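Keep in mind it's a predicted model, so treat the numbers as computed, not measured. The basis for the numbers below is simple: all heavy atoms, side chains too, and nothing from hydrogens, waters or symmetry mates.
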Amino acid sequence: MRENSQFRFGAATGVGSMPGGDAREAAKTVTGTFEDFPFLPELPARGPGADMIGRTAGMLVELYARVEPSGWRIGDRPGRDTKRARSWLGEDLDALEEFTQGYEGPLKVQAVGPWTLAANLELKNGEAALSDPGACRDLAASLAEGLRLHLAEARRRVPGAQLVLQLDEPSLTAVLRGQVRTASGYRTHRAVDRQIVEATLRDVVGVHTEGPVVVHSCAPDVPFALLRRAGAAAVSFDFSLLTERDDEAIGEAVEAGTRLFAGVVPATDGPLSDPAGSVMGVRTLWRRLGLRPGLVPDAVTVTPACGLAGASPAYARQALAHCVRAARSLADNPE
C-alpha cells in the first residue's frame, strides 16, 4: 500500500449512500460537486441488493446470499437477489464511467468490511456468520477476492483514477464488545478477540495494493488505534460522537500519518450552519491536541456525518456542496 504522504486525498468527499434510485443523477451530482475526490454512489432506496449488505454480498466470490424475512442469508447458489445486486452495481459503474471521462485523481469506492458483514449475514441456521469462526474466515476470504475484482473493474472504467477503498464497519465496535444480538434477540454473540479482528481487517485492507484504504464507522467509540495497526490509511467517523476519551488515539493517529475523514455535516435534513461553523469542532480538537494548525489540510477530509440515504435529494445536494465549502474554510483558516 502507498504511504499516506505520497497520496493526495481530496479536501472533501461523501460517505457513500445517496437518496433516490437514479444512478445517472447521483453520479452527476457527486462528480459535479467533488471535482477532485468523487465517489461511487450507492442508492439503497432501490431495494434489496442495493442496500449496504446486499450490495457487498453481491461482490462475494463463491459465496452467495439471498433475502429472507430476517435479512440476508448465505445460500448455495446465485439466485435472483445476487443477480439483482450485481446488476445494480454494474448500472452504478456505468453511470460513474459516463461522468468521469478523462478524470485523473482520487476516486473512492465503498464496500462493507468483514466484521459488519459477519454480524449481518446469516448462516443457514439463521444465526449471524459471526457465531462461527470458520464462517468468518471464509467470508473474509471471499470478500477479499470480490474486492480485488471490484477494484479491477473500477480501474478499467476510470483508468486515470487513483482508487481509494472504503470499508464500512458500523458494527465493528459491537463485534469487539460482544453486543451483536443472536437470532432470538435474548442473548448476544461473544466478543471476538481483538487480535483476530485486527488480523482479519489487515488481510482485507491488504487487498488494495495500489492505493489507500479508509475504514468508515458512524458508531460511537471507533477503535482508531486498532484500525491504524490494521493498515487503514484513513478513518471516517461521525465527528459529533467523539469524546475527549478519543483524544489520545486521534492524536497518535494523526502523528502517525493517518488521515481523518471528519463527518461534520449532518446526514439528515435540517438547517446547515455557515461553513466555518461546521468545522469549528475540528479547529477546537486541533488546539486541544496541541497539533500544528498548518497540518490540518494534510490531515483532514470533510464529509457528511454518515451516508445520505435518509435525506431528501435537495438536502443531499446541499450537504455535499456544504462539505466542499467547509473544507475550503478549514484550509483558508485552520486556526
Side-chain angles (χ1 to χ4, degrees), residues 10 12-60 65 67 72 78-112 117 143 146-147 149-168 214 216 236 265 267-269 303-304 306-324:
T13 192
V15 171
S17 66
M18 294 284 287
D22 188 329
R24 290 188 74 256
E25 183 61 32
K28 182 180 178 181
T29 296
V30 164
T31 55
T33 305
F34 300 113
E35 295 179 358
D36 62 353
F37 198 3
F39 63 95
L40 177 63
E42 304 165 17
L43 301 171
R46 293 180 296 195
D51 61 297
M52 187 172 79
I53 299 299
R55 183 180 180 87
T56 300
M59 296 180 192
L60 297 175
V67 179
W72 283 89
R80 64 182 182 184
D81 296 325
T82 298
K83 291 173 184 170
R84 187 189 301 120
R86 291 175 176 173
S87 173
W88 271 328
L89 180 58
E91 186 179 302
D92 295 340
L93 285 165
D94 286 345
L96 184 72
E97 182 179 5
E98 178 183 347
F99 289 101
T100 51
Q101 295 293 311
Y103 175 74
E104 295 183 357
L107 169 67
K108 184 164 68 68
V109 298
Q110 305 84 219
V112 175
L117 206 56
L143 174 63
L147 289 174
L149 296 173
H150 180 49
L151 288 163
E153 179 64 11
R155 202 173 291 119
R156 185 183 71 79
R157 303 282 197 133
V158 193
Q162 300 163 314
L163 292 180
V164 177
L165 172 62
Q166 176 178 303
L167 296 175
D168 292 319
V214 51
H216 167 74
S236 170
V265 177
T268 51
D269 290 44
T303 74
C306 204
L308 294 167
S312 67
Y315 177 81
R317 288 191 295 272
Q318 290 172 3
L320 295 183
H322 192 81
C323 288
V324 174

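- Residues L320 and M18 meet the side-chain proximity criterion, which asks for heavy atoms closer than 4.5 Å.
- In this structure, the side chains of L96 and L107 come closer than 4.5 Å at one or more pairs of heavy atoms.
- Across every non-hydrogen atom of A27 and F99, the tightest pair is CB-CD1, 3.9 Å.
- Sparse packing is recorded around CD of E35, with 12 or fewer heavy atoms of other residues, nucleotides or ligands lying under 6.0 Å away.
- T13 has its side chain out of reach of V164: every pair of non-hydrogen atoms, C-beta onward, lies at least 4.5 Å apart.
- Between R55 atom CZ and R84 atom CZ the span is 14.5 Å, to the nearest 0.5 Å.
- The main-chain N or O of L308 is found under 3.5 Å from a side-chain atom of S17 such that the two form a donor-acceptor pair.
- Taking each heavy atom of A267 and A311 in turn, the nearest pair found is O-CB, 3.6 Å.
- A 4.5 Å side-chain heavy-atom check between L40 and V30 finds every atom pair outside the cut-off.
- Between the CG atom in L89 and the CD atom in E153 there is a gap of 8.5 Å [rounded to 0.5 Å].
- Put simply, the side chain of D269 gets close to the backbone of S312: a donor and an acceptor are under 3.5 Å apart.
- For the atom pair NE2 (H150) and CD (Q110), the distance works out to 7.5 Å, reported to the nearest 0.5 Å.
- A heavy-atom distance below 4.5 Å is found between the side chains of D51 and W72.
- Listed here is the closest heavy atom pair of A95 and A23: CB-O, 3.5 Å.
- Looking at every heavy atom in both residues, H322 comes nearest to V265 through CD2-CG2, 3.8 Å.
- Listed here is the closest heavy atom pair of P304 and V15: O-CG2, 3.5 Å.
- Tested against D92 for a side chain to side chain contact (heavy atoms under 4.5 Å, CB included), the candidates R46, E42, R24 yield a single pass: R46.
- Residue L163 holds its CG atom at 12.0 Å from NZ of K108, rounded to the nearest 0.5 Å.
- Contact annotation: the side chain of V214 never approaches that of L165 to less than 4.5 Å [non-hydrogen atoms, C-beta and beyond].
- The side-chain heavy atoms of M59 and L149, taken from C-beta on, include no pair separated by under 4.5 Å.
- The backbone N or O of E25 lies less than 3.5 Å from a partner atom in the side chain of T29, making a donor-acceptor pair.
- The CD atom of Q162 sits 10.0 Å away from atom CZ of F37, with the distance rounded to the nearest 0.5 Å.
- Using a 4.5 Å cut-off on side-chain heavy atoms (C-beta onward), H216 and C306 make contact.
- Under the rule for a side-chain contact (heavy atoms from CB on, under 4.5 Å), the partners of R86 that lie at least two apart in sequence or sit in another chain are Y64, T82.
- Across all their heavy atoms, V112 and L143 have their closest contact at O-CD2, 3.5 Å.
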